[in-house]
Amino acid sequence: MNILILGSGGREHALAWAVKQNPNCDRLIVAPGNAGIAMLAEVASIDILDGATVVTFCEENAIDFVIVGPEAPLAAGVADACRSAGLLTFGPSAAAARLEASKAFTKDICDACAAPTAAYARFTEAAPAKDYIRAQGAPIVVKADGLAAGKGVIVAMTEAEALAAIDDMFGGEFGAAGAEVVIEEFMAGEEASFFILTDGTHALPIGTAQDHKRAFDGDTGPNTGGMGAYSPAPVLTEVLQQQAMDQIILPTIREMARRGTPYQGVLYAGLMIENGKARLVEYNARFGDPEAQVLMMRLGAQALDLMLATAEGRLDKVQVNWADDHALTVVMAAQGYPGGYQKGSQIRGLEELPEDSRHMVFHAGTAQRDAQIIASGGRVLNVTARGETLQQARDAAYALVDRIDWPGGFCRRDIGWRALDA
Ligand code: AMP
Ligand code: GLY
């Protein structure tokens, strides 16, 4: 089987790594890919936001199965274009990807199926939004409706911060994404992520994870795309997973189908857990990054079988084979990230590291210059390891980190602390 994965980050490197191990994978192409991905798959430089381009590329390369990694091509309808052309495709339609692309839409779905989530109101003008904030008081959460590269959410601890966020959003800081604003009740508790495959009708949970969004140790410093993650997330107990399935995930899947826009792909539910109950924070229409890195390390080759079953509508016929294991990934980022950072610094020592079913350095933002690997993004490497316990996974991941010679980079030293120090 010839497989095309769309995307260029650590998530796509992890997907490619898992898919490549499956004997059903004959040829693997990742577009556009990165320097790490190029070591295990072919890479192709095409515009992955353009459905027609992707379809033509698939036809020219006899692609049998397309896996869409990031949200942007999903929101742009690339999965629709592929399916219309008769290509077997993993990933939701643009209509179904609205679960990530529009926060107001997700709230509407929660209302329709009575899924527990934060109380909210929607606004298209500043004055009534500000009145609402003054009436509710702080803390309160202000969200741009649309995709804003993870930056459109302001968790305001004071009323002044919330009011300023309204001015920024209606002032155009997030462009069209901020034309509508959702204002939400602040939820306290512990956050965790739950990943569910669905073919539109059936649902199969494939794991839990927690990430660390702040840049520095002790969960301090600015917000980032994620500085590390681990799986499973102990806070998401079996009981809570079942509750989330019954009250949030399955009702969402049924409501999407009822509306004629069934959701097919991976549903990534961000949950807030407080007092033994889970509430929905948000949905994403894709695997998390860096959560996919730990999930793929745990799933291995079966990830391809599961994604195929999703695309073919036969998830009721498959199951996940779990090892009773743990995985942890440490993000190495360029000094300065998430603010301004330099590109082009050289990374040494990678070729001497083990790459096997328990250790893998996934590349998130690298490029090859002559024979050298250089940093080409903010988040650059995802140093990932698996162990029988979370502590073993963490020790193994940091042992790899310590062998990487990259003065231009930094990482947190405390990934997993919440689960280990509890
Ligand atoms: P989102 O993009 O919706 O996941 O929001 C980004 C982050 O903001 C989440 O991961 C939470 O940490 C935080 N957040 C979002 N909504 C709320 C809420 N209603 N209460 C507390 N924190 C929230
Ligand atoms: N790690 C958070 C995300 O992928 O959205």
Side-chain angles (χ1 to χ4, degrees), residues 7 9-12 14-15 69-72 74-75 97 99-107 110 115-122 133 136 138-157 161-162 165 169 174 177-178 181-195 207-215 219 222-231 233 235 266-274 278-296 329-331 333 338 362 364 378-379 382 384 412 415 418:
R11 167 183 46 214
E12 287 75 26
L15 288 167
E71 64 276 18
L74 294 168
L99 281 178
E100 171 163 4
S102 167
K103 305 212 183 268
F105 176 79
T106 297
K107 287 301 201 181
C110 287
T117 185
Y120 76 103
R122 299 164 59 163
I133 288 168
Q136 299 291 318
I140 194 158
V141 182
V142 180
K143 300 185 174 185
D145 174 60
L147 291 178
K151 300 194 179 78
V153 175
I154 309 296
V155 180
M157 286 310 182
E161 244 181 294
M169 285 183 194
F174 300 108
V181 163
V182 174
I183 304 181
E184 271 187 21
E185 165 201 0
F186 171 81
M187 294 190 282
E190 188 168 345
E191 262 185 283
S193 305
F194 191 22
F195 296 86
T208 62
Q210 267 177 303
D211 76 344
H212 294 263
K213 290 209 164 66
R214 300 297 190 113
D219 291 330
N223 253 318
T224 71
M227 293 301 291
Y230 50 97
S231 171
V235 64
V266 61
L267 197 53
Y268 159 3
L271 302 174
M272 188 69 82
I273 294 123
E274 192 190 26
R279 289 199 281 171
L280 182 72
V281 180
E282 61 154 359
Y283 279 127
N284 292 305
R286 51 175 172 83
F287 285 106
D289 190 346
E291 291 88 339
Q293 288 78 319
V294 284
L295 287 179
M296 290 304 129
T329 189
V330 178
V331 172
F362 297 114
R379 291 190 295 171
N382 310 134
T384 312
R412 282 181 56 163
I415 300 304
R418 217 180 265 283

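Remember, it's 1-based here, ligands and their atoms both numbered in the order they're listed. The structure displayed is predicted, hence computed values, not measured ones.
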Closer than 4.0 Å to some heavy atom of [X] - which atoms of ligand 1 meet that?
X    : answer
K103 : 1 (P), 2 (O), 3 (O)
F186 : 20 (N), 21 (C)
K213 : 10 (O)

What atoms of ligand 2 come closer than 4.0 angstrom to any heavy atom of [X]?
X    : answer
D211 : 1 (N), 2 (C)
G225 : 1 (N), 2 (C)
E291 : 1 (N), 2 (C), 4 (O)
G288 : 4 (O)

Distance in Å, [X] [atom1] paired with [Y] [atom2], rounded so as to fall on 0.5 Å steps:
X    : Y    : atom1 : atom2 : value
L280 : K107 : CG    : NZ    : 7.0 Å
D211 : D289 : CG    : CG    : 10.0 Å
H212 : R418 : NE2   : CZ    : 7.5 Å

For the pair K143 and E282, find out whether any cationic side-chain nitrogen is under 4.0 Å from an anionic carboxylate oxygen.
-> no

Of the choices [options], which has the non-hydrogen atom that lies closest to [atom]?
atom                    : options               : result
atom 5 (O) of ligand 1  : V153, N284, I140      : V153
atom 5 (O) of ligand 2  : K213, M227, E71, R286 : R286
atom 12 (O) of ligand 1 : E191, E184, M272      : E191
atom 16 (N) of ligand 1 : E282, K143, E100      : K143

Check whether [X] reaches the backbone of [Y] with its side chain - one donor and one acceptor, N or O, closer than 3.5 Å.
X    : Y    : result
T106 : L99  : yes
T208 : A233 : yes
R279 : M187 : no

Which heavy-atom pair separates [X] from [Y] by the least distance, and what is that distance?
X    : Y    : result
A97  : L74  : CB-CB, 4.1 Å
F105 : D145 : N-OD1, 4.4 Å
P338 : A215 : CD-CB, 4.1 Å

Determine, using heavy atoms of F287 and all atoms of ligand 2, whether some pair is separated by less than 4.0 Å.
-> no

Taking the non-hydrogen atoms of G226, is any one of them nearer than 4.0 angstrom to ligand 2?
-> no

For atom 2 (C) of ligand 2, the protein heavy atom that lies nearest, with its residue and separation | Y268 OH, 3.3 Å

Between M187 and ligand 1, which part of the residue brings a heavy atom under 4.0 Å of the ligand: side chain, backbone, both or neither?
->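 Near ligand 1, M187 shows its backbone as well as its side chain.
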
Using heavy atoms and a threshold below 4.0 Å, how should the contact between E185 and ligand 1 be classified: side chain, backbone, both, or neither?
->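 The answer is the backbone of E185.
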
With heavy atoms under 4.0 Å as the rule, classify the contact between R11 and ligand 2 as side chain, backbone, both or neither.
->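 No part of R11 comes within reach of ligand 2.
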
ring-ring contact (aromatic ring centres under 6.0 Å, His included) with F195: which residues, sequence neighbours excluded?
->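 F195 satisfies ring-ring contact (aromatic ring centres under 6.0 Å, His included) with Y268 once adjacent residues are dropped.
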
